[in-house]
Amino acid sequence: MVEFRARAPGKIILAGEHAVVHGSAAVAAAIDLYTQSTFHLVPTSEDGGAGAVEVDLRDTGLVFSWPCSRLREALGDRPAGVNAPRPCSSDELAAMAKLLEQEEIPEDKIWLAGGLSAFLYLYTSILGCRPGKAVVKSDLPVGAGLGSSAAFCVSLSGALLAAAGAVSAQAGNGGTEWGSIDRDDLELANQWAFQGEKIIHGKPSGIDNAVSTFGSMIKFKKGEFTNLRCTNPVKMLITDTRVGRNTKALVAGVSERVSRHPDAMASVIGAVNFISEELSSIVESAAEDEIAITMKEEKLAELMQMNQGLLQCMGVSHCSIETVLQTTLKYNLVSKLTGAGGGGCVLTLIPTLLSKLVLEKTTAEIESHGFRCFQVEVGGRGLQFCRG
């Protein structure tokens with residue numbers, strides 16, 4: 001039995017959230033927290049003759065299975081072109097909704113429906129209705145603004161495309177190390193993942209799946225992506241406030257403020273654009289020694305601090321976010337929200353020369369408020385592949 005494994009990173013927004021909707025540049029980066037999808041095809045004889053498609057969502061403790069015959073009846077026997085990703089039709093969405101109605105999804109996990117629909121669409125589009133089993137597990141908290149749905153779609157697309165023979169990857173040591181995928185294969189996985197994201201979110205920007213696929217950092221402005229090369233390691237402490245937020249309502253709130261105060265908000269959005277552009281230049285600049293690295297980090301911290309002030313002007317902060325800001329400020333550290341705001345996650349820049357003791361004290365004090373912290377490196381690799 002050949003097993004295909006793919007993993008894709010989550011993401012953070014370093015600068016430009018909300019303002020990007022109004023024409024500003026934004027900068028997003030991959031982080032070293034991953035979602036991993038493992039997949040293998042099941043021979044029909046091994047499955048008792050009938051065959052089924054199964055997905056084990058390991059972090060939720062839930063397993064879902066559909067007989068291949070039922071999938072053929074509902075969706076037809078596909079694929080219709082692995083190398084030509086296409087949007088999911090309204091008829092297909094309706095058919096998948098009916099398939100999910102027959103599943104016992106717990107009420108407190110009803111949000112899984114979108115991800116399961118994306119799974120069914122990606123699976124049947126890439127592999128048809130052949131029997132197989134996928135196992136998905138993740139380091140990323142769900143719904144916290146760290147790109148968990150994009151990492152799900154990217155890792156799943158990678159594993160399924162590998163099983164279909166549509167992508168080739170380089171894995172070292174007989175499948176024990178994560179290997180790279182060439183640019184064309186990455187682009188194919190990204191296009192499929194975007195179709196999955198559209199099923200989950202409706203009208204995503206595409207930035208989350210692009211960062212998860214290609215890794216590193218990306219500048220995004222008016223629908224155009226520019227890859228950034230991060231020349232020095234950047235480390236962050238991510239705080240998950242565990243406070244849920246309504247992204248659509250927060251985005252709408254900023255738009256309403258833009259309508260009520262067009263001149264003032266134009267200045268705010270223009271300032272955010274300058275911050276994103278300058279931050280892009282700084283992360284690509286080389287720093288050869290400790291003094292240069294410290295100066296670079298100080299500039300990044302100042303830009304983060306300014307961006308946070310402008311996000312407060314937009315009305316998207318929250319008391320939980322302010323608690324993190326005040327806590328880290330006591331240790332002379334700079335923080336900003338990432339993503340939609342209104343709760344969610346907060347970034348704190350970890351300077352290279354920061355002592356381990358100060359970091360431990362900061363983390364402990366933040367977590368004393370009931371929050372959860374992760375130390376991450378920013379700007380790493382995107383989709384990776386391993387064949388076992």
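Val378 is not listed as a side-chain neighbour of Pro233, based on a closest heavy-atom distance of 4.5 Å or more. In this structure the side chain of His201 reaches within 4.5 angstrom of the side chain of Ser149, judged on heavy atoms. Using a 4.5 Å heavy-atom cutoff, the side chains of Ser89 and Asp91 are in contact. Counting heavy atoms from C-beta on, the side chains of Leu325 and Leu329 never come closer than 4.5 Å. The shortest distance between side-chain heavy atoms of Met217 and Asn227 does not fall below 4.5 Å. Val283 places a side-chain heavy atom less than 4.5 Å from the side chain of Leu300. Side-chain contact between Arg183 and Phe214: present, with at least one pair of heavy atoms (C-beta onward) separated by less than 4.5 Å. Contact annotation: the side chain of Glu365 approaches that of Lys330 to within less than 4.5 Å [non-hydrogen atoms, C-beta and beyond].
Partners of Ser259 by side chain to side chain donor-acceptor pair (under 3.5 Å), not counting sequence neighbours: none found. Under the side chain to side chain donor-acceptor pair (under 3.5 Å) criterion, Ser276 pairs with no residue at all, not counting sequence neighbours. For Pro85, the side-chain contact (heavy atoms from CB on, under 4.5 Å) partners two or more places apart in sequence, or in a different chain, are Leu188, Gln191, Trp192, Gln195. For the side-chain contact (heavy atoms from CB on, under 4.5 Å) test, no residue two or more places apart in sequence or in another chain qualifies with Ser267. Contacts of Tyr123 classified as ring pair (Phe, Tyr, Trp, His ring centres under 6.0 Å), with partners at least two apart in sequence or in another chain: Phe39, Phe119. Lys203 is linked by a side chain to side chain donor-acceptor pair (under 3.5 Å) to nothing, counting only residues two or more places apart in sequence or in another chain. For the ring pair (Phe, Tyr, Trp, His ring centres under 6.0 Å) test, no residue two or more places apart in sequence or in another chain qualifies with Phe274. Here Thr363 pairs with Leu237, Leu359, Glu367, Cys373 under the side-chain contact (heavy atoms from CB on, under 4.5 Å) rule; sequence neighbours left out. Residues forming a side-chain contact (heavy atoms from CB on, under 4.5 Å) with Thr213 (at least two apart in sequence, or on another chain): Val154, Leu186, Asn190. For Ser117, the side chain to side chain donor-acceptor pair (under 3.5 Å) test picks out no residue, with sequence neighbours left out.
A salt bridge links Glu277 with Lys219; the closest basic N to acidic carboxylate O contact falls under 4.0 Å. The existence of a salt bridge linking Lys109 and Glu104 is excluded, since no basic side-chain nitrogen approaches an acidic carboxylate oxygen closer than 4.0 Å.
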Hey, mind stepping through Leu41 and Arg130 against side-chain contact (heavy atoms from CB on, under 4.5 Å) and telling me if it holds?
CA-CA 7 Å; Leu41 288 165; Arg130 301 157 67 183; 3.0 Å; yes
Query - Criterion salt bridge (Lys or Arg N to Asp or Glu O under 4.0 Å) on Asp59 and Lys137, from CA distance to verdict - result: CA-CA 6 Å; Asp59 302 307; Lys137 58 183 180 179; over 6 Å; no
Evaluate the criterion side-chain contact (heavy atoms from CB on, under 4.5 Å) for residue pair Phe371 and Asp240; output intermediate values, then yes/no. CA-CA 6 Å; Phe371 306 149; Asp240 178 7; over 6 Å; no
Test salt bridge (Lys or Arg N to Asp or Glu O under 4.0 Å) on Glu54 and Lys133; report intermediate values, then the result.
CA-CA 5 Å; Glu54 180 180 301; Lys133 179 177 180 179; 3.4 Å; yes
Kindly determine whether Lys221 and Glu224 satisfy side-chain contact (heavy atoms from CB on, under 4.5 Å), including the steps that lead there. CA-CA 5 Å; Lys221 186 174 184 179; Glu224 297 294 325; 5.7 Å; no
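To the nearest 0.5 Å, the span separating CD1 on Ile200 from CG on Asn209 amounts to 10.0 Å. Of the inter-residue distances, the one linking Leu99 atom CG with Leu75 atom CG reads 6.0 Å to the nearest 0.5 angstrom.
What you find for Leu383 and Gly158 is that their closest heavy atoms are CD2-CA, 4.2 Å. Contact between Lys11 and Gly145 at its shortest, heavy atoms only, is NZ-O, 3.0 Å. Taking all atoms of both residues into account, the shortest heavy-atom contact from Cys129 to Cys68 is O-SG, 3.0 Å. The two atoms that bring Arg5 and Trp178 nearest to each other are O-CZ3, 3.7 Å, heavy atoms only. Between Ser125 and Arg86, the closest heavy-atom pair is OG-NH2, 4.5 Å. Looking at every heavy atom in both residues, Ala144 comes nearest to Cys345 through O-SG, 3.3 Å.
Hydrophobic clustering keeps Val63 apart from Leu100 (ILVMFWY residues linked when any side-chain heavy atoms are closer than 4.5 Å, directly or through intermediates).
Under a 3.5 Å cut-off, the side chain of Ser155 and the backbone N or O of Ala6 do not form any donor-acceptor pair. Counting only distance, with no hydrogens or angles, the side chain of Arg242 and the backbone of Gly370 share a donor-acceptor pair below 3.5 Å.
Inspection of the Ser335 and Gln308 side chains reveals no N or O donor paired with an N or O acceptor under 3.5 Å. Glu103 and Trp66 are linked by a side-chain donor-acceptor pair at a separation below 3.5 angstrom, with hydrogens and angles left out of the test.
Tested against Met96 for a side chain to side chain contact (heavy atoms under 4.5 Å, CB included), the candidates Leu116, Leu120, Leu71 yield a single pass: Leu120. The side chain to side chain contact (heavy atoms under 4.5 Å, CB included) test with Val234 is passed by exactly one of Ile350, Leu14, Leu349: Leu349.
Around NZ of Lys235, the count of heavy atoms belonging to other residues, nucleotides or ligands within 6.0 Å does not exceed 12. More than 12 heavy atoms of other residues, nucleotides or ligands lie within 6.0 Å of CD in Glu360, so this atom counts as buried by the packing criterion. The number of heavy-atom neighbours closer than 6.0 Å to NZ of Lys299, taken from other residues, nucleotides and ligands shown, is 12 or below. Taking a 6.0 Å sphere around CD1 of Ile291, one finds it holds 12 or fewer heavy atoms contributed by other residues, nucleotides or ligands. Within a 6.0 Å sphere centred on CZ of Arg260, heavy atoms belonging to other residues, nucleotides or ligands number more than 12.
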Validation: residues 310-318 side-chain donor-acceptor distances under 3.5 Å, sequence neighbours left out:
unit_1: Gln312; atom_1: NE2; unit_2: Glu322; atom_2: OE1; d: 3.3
unit_1: Gln312; atom_1: NE2; unit_2: Glu322; atom_2: OE2; d: 2.8
unit_1: Ser317; atom_1: OG; unit_2: Glu322; atom_2: OE2; d: 2.5
unit_1: His318; atom_1: ND1; unit_2: Ser320; atom_2: N; d: 3.0
unit_1: His318; atom_1: ND1; unit_2: Ser320; atom_2: OG; d: 2.8

Between side-chain atoms of residues 17-36 and protein atoms elsewhere (two or more places apart, or another chain), which donor-acceptor pairs fall under 3.5 Å?
unit_1: Glu17; atom_1: OE1; unit_2: Lys336; atom_2: NZ; d: 3.0
unit_1: Glu17; atom_1: OE2; unit_2: Lys336; atom_2: NZ; d: 3.0
unit_1: Glu17; atom_1: OE2; unit_2: Gly339; atom_2: N; d: 3.0
unit_1: His18; atom_1: NE2; unit_2: Ala340; atom_2: O; d: 2.7
unit_1: Ser24; atom_1: OG; unit_2: Asn273; atom_2: N; d: 3.3
unit_1: Asp32; atom_1: OD1; unit_2: Glu377; atom_2: N; d: 3.0
unit_1: Thr35; atom_1: OG1; unit_2: Ser138; atom_2: OG; d: 2.7
unit_1: Gln36; atom_1: NE2; unit_2: Thr38; atom_2: OG1; d: 3.4

